[in-house]
*Asks:* 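Take this structure, written in structure tokens, and hold onto it; I'll ask about it next.
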Protein chains: 2
Amino acid sequence: MATRERADDTRPAAAATDAGAGEPDAATGPLDSVLRPVRAGNGFEEALEQVLQLLRLGLVPPGERLPSERELSQHLRISRVTLREVLKVLQDQNMVESRRGRYGGTFVLPRPAAPEGSGELRRRIAAVDVEDTLRFREVLEAGAAGLCAEGLTADAELRLRGALDATQGARLEDYRRQDTLLHLTLAELSGSRTLAARYAAVRATLNELLDCIPLLVRNLEHSQQQHAAVVEAVLDRDADAAREMMREHCGGTAALLRGFLA
Amino acid sequence: MATRERADDTRPAAAATDAGAGEPDAATGPLDSVLRPVRAGNGFEEALEQVLQLLRLGLVPPGERLPSERELSQHLRISRVTLREVLKVLQDQNMVESRRGRYGGTFVLPRPAAPEGSGELRRRIAAVDVEDTLRFREVLEAGAAGLCAEGLTADAELRLRGALDATQGARLEDYRRQDTLLHLTLAELSGSRTLAARYAAVRATLNELLDCIPLLVRNLEHSQQQHAAVVEAVLDRDADAAREMMREHCGGTAALLRGFLA
DNA sequence: AAGCAATGGTTCTCTGTCATACCTTATGCC
DNA sequence: GGCATAAGGTATGACAGAGAACCATTGCTT
């Protein structure tokens, strides 16, 4: 009985007012940078997104345990009930497994290789603005490398060297993870918490894209050389070189992705 | 009768587990970049923050009308009731004024010069990580300038020239606003929506800080020269120069702020 | 003067989320 | 073997927020 009828409120049709035209998501106006939805989705979806980040970044590798539900819910500032809904979804996707009892917890399962035909992959790509991701990533990475080189402390040197070494010795199936951790370390050492947080987010998206294309050993070796060059520049406190090297490094990945996803 | 007692759930004390230690906000661990609160504050506070951005960025200048309540609430994906609570706060602060009837709306009031003694200002600064803001800003600005120079279109050229001209001709009290718009334009033309959105956020914070220090004509002239140099580099499609100039420009503001707020 | 349209102002109900408390299971230590 | 402990699993009451529908005010158009 047509209860879908709009009564008085809600948008009348497409009558344009001064500022915002018709549909909320279209029309790249000047205000659109600010007037984004306050919470992307059901509130619980946002939490899901963050836990997914944790997995996609490999911050909790397969086989390891997530923080306990009580801890996670506190960190994310959501109730345990809501967090459990999130975990429920991940369990249904066979991404995590929960075990009860002391020393139990929620454990990360290894990814089941290729989930399906590439239909699934294509669908995920469609949901991402690839160009946006690649550009933003390059900006953050180059900036982080530069800042890192400028304000390098002894402690930072150590962490950076450690992260680089870890990538050098990584086995193939662990490479993506160590790579991510190296870049994440750089972002954290930039001295801007905001930068680190934004990088984590964009890197999670990037990793999702990278999962859609083959891992070429040829590229991997090249990457490693670039990693070494970037870290060297940072340790030399040569900010310009660090930025330049990092931009080149990102450009490589970007070209690869653009090629495969075009 | 000590109902504040924790029963079973909620954090036990400070018992450290593998991942997250004690208090949510302390301890800059590796997971902390991801495990941020899902919604900063009451949900309504987030909306307030965004509307404040609109004002602080000068996207809706004094005397102008905000989008209607129905539009705004749709853009922010909050109910009109909640949005009205936000506007209520702004009305109480004498920042906006609402008029009913057709062609009515919510109008931005001019700022009442200096609100109070500097106690208020100091308090606001305390809530901001100044170093974080300045560094992140520099990274985004330099990156945007570079990207902008690389992929410059004819339309972008026009918008950029227009924005620069507007700053040149701006009166003193309108300078901050035109300056913001110029930088915002650059961010939008970077081709990364995410970058533009993040820049808008950080710029709003920056403007708040800038409101705490005097506006020196001497610096303003210098700024203008730098603006011209940046835009020139971009129009020349010289990405390296654009980044370099922009970094210098940001460095100037940063030094000024660090000096005054130290 | 009458009517229409676009806006702010108000009220209602219903759903999602939170906080809290408690139960159940598994492990290590005594 | 028994107990303490730390984890997941469950149930409940209160409340904030969304959505829809209304009312009230104003100014333009006819």
Side-chain angles (χ1 to χ4, degrees), chain A residues 1-20 24 37-39 41-48 64-88 90-91 96-107, chain B residues 2-20 37-39 41-48 64-88 90-91 96-107:
Chain A
M1 28 179 127
T3 41
R4 220 74 203 89
E5 207 70 285
R6 307 303 198 162
D8 156 42
D9 279 343
T10 65
R11 83 184 95 121
T17 328
D18 300 325
V38 151
R39 324 133 91 137
N42 300 3
F44 126 102
E45 281 184 24
E46 208 165 336
L48 173 60
E64 289 292 294
R65 214 194 60 177
L66 289 174
S68 74
E69 295 182 350
R70 290 165 176 83
E71 273 182 72
L72 256 185
S73 61
Q74 278 167 25
H75 273 88
L76 296 174
R77 296 266 220 283
I78 59 176
S79 77
R80 224 186 116 204
V81 180
T82 307
L83 175 66
R84 282 178 55 73
E85 307 235 327
V86 168
L87 295 180
K88 177 72 164 51
L90 298 179
Q91 281 168 24
V96 302
E97 173 195 45
S98 286
R99 292 205 283 271
R100 298 173 64 155
R102 188 173 183 182
Y103 299 90
T106 306
F107 294 81
Chain B
T3 42
R4 219 75 203 86
E5 208 69 284
R6 308 304 197 162
D8 157 43
D9 280 343
T10 65
R11 83 183 97 119
T17 328
D18 299 324
V38 151
R39 325 135 89 135
N42 299 3
F44 127 102
E45 282 182 25
E46 208 165 336
L48 174 60
E64 290 291 295
R65 214 194 60 177
L66 289 173
S68 74
E69 295 182 352
R70 288 166 176 83
E71 273 183 73
L72 256 185
S73 62
Q74 277 168 26
H75 272 88
L76 296 174
R77 296 264 219 285
I78 58 176
S79 77
R80 225 186 114 204
V81 180
T82 306
L83 175 66
R84 282 178 54 72
E85 308 233 328
V86 169
L87 295 180
K88 177 73 163 49
L90 298 179
Q91 281 168 24
V96 302
E97 173 196 46
S98 285
R99 292 205 283 272
R100 296 173 65 154
R102 190 172 184 183
Y103 299 89
T106 306
F107 294 81

*Asks:* Can you measure Arg80(A) atom CZ to dC18(C) atom C1' for me and round it to whole angstrom units?
*Replies:* 13 Å
*Asks:* What distance separates Leu90(A) CG from Leu66(A) CG, expressed to the nearest 0.5 Å?
*Replies:* 8.0 Å
*Asks:* Over how many whole Å does the gap from Phe107(B) atom CZ to dA6(C) atom C1' extend?
*Replies:* 12 Å
*Asks:* Whole-Å distance between dA6(D) P and Gln74(A) CD?
*Replies:* 15 Å
*Asks:* Would you tabulate the pairs of protein nitrogen or oxygen atoms and nucleotide nitrogen or oxygen atoms of nucleotides 2-5 of chain C closer than 3.5 angstrom?
*Replies:*
none

*Asks:* First locate atom CZ of Arg70(A), then atom CG of Leu83(A), and finally report the distance between them rounded to the nearest 0.5 Å.
*Replies:* 11.0 Å
*Asks:* Could you tell me the separation between the CZ atom of Arg65(B) and the OG atom of Ser98(B), rounded to the nearest 0.5 Å?
*Replies:* 11.0 Å
*Asks:* When rounded to the nearest 0.5 angstrom, what distance separates CZ in Arg80(A) from OG1 in Thr82(A)?
*Replies:* 11.5 Å
*Asks:* Calculate, to the nearest 0.5 Å, the distance between atoms CG and CG belonging to Leu72(A) and Leu87(A) respectively.
*Replies:* 7.0 Å
*Asks:* Under 4.0 Å between any heavy atoms, over every strand shown, what does Arg84(B) touch: base, sugar-phosphate, or nothing? Just pick one.
*Replies:* base
*Asks:* Answer yes or no: does a side-chain N or O of Ser68(A) lie under 4.0 Å from OP1 or OP2 of dA6(D)?
*Replies:* no
*Asks:* Could you work out which one of dT7(C), dG17(D), dG8(D) sits closest to the side chain of Arg65(B)?
*Replies:* dT7(C)
*Asks:* Name the residue closer to the 5' end of DNA chain C, choosing between Val81(A) and Thr106(B) according to the nucleotide with the nearest heavy atom.
*Replies:* Thr106(B)
*Asks:* Could you tell me how far apart Arg70(B) (CZ) and dT10(C) (P) are, to the nearest whole angstrom?
*Replies:* 13 Å
*Asks:* Tell me the interatomic distance from Leu83(A), atom CG, to dA19(C), atom P, rounded to whole angstroms.
*Replies:* 13 Å
*Asks:* Rounded to the nearest angstrom, tell me the gap between atom CZ in Arg100(A) and atom C1' in dC22(C).
*Replies:* 13 Å
*Asks:* How long is the span from the CD atom in Gln91(B) to the OG1 atom in Thr106(B), to the nearest 0.5 Å?
*Replies:* 6.5 Å
*Asks:* Relative to the 5' end of DNA chain C, which residue comes earlier, Glu85(A) or Ser98(B), by the nucleotide with the nearest heavy atom?
*Replies:* Ser98(B)
*Asks:* From the list dA24(D), dC18(C), dA18(D), which nucleotide is the closest neighbour of the side chain of Ser79(A)?
*Replies:* dC18(C)
*Asks:* Between dG19(D) atom C1' and Glu69(B) atom CD, what is the distance in whole Å?
*Replies:* 15 Å
*Asks:* At how many degrees, to 10°, do the end axes of the helix from dA1(C)-dT30(D) to dC30(C)-dG1(D) meet when each uses five pairs?
*Replies:* 10°
*Asks:* May I have the distance from Tyr103(A) (atom OH) to dG28(C) (atom P), rounded to whole angstrom?
*Replies:* 7 Å
*Asks:* Quick one: side-chain contact (heavy atoms from CB on, under 4.5 Å) partners of Glu97(A), sequence neighbours excluded?
*Replies:* Arg99(A), Leu109(A)
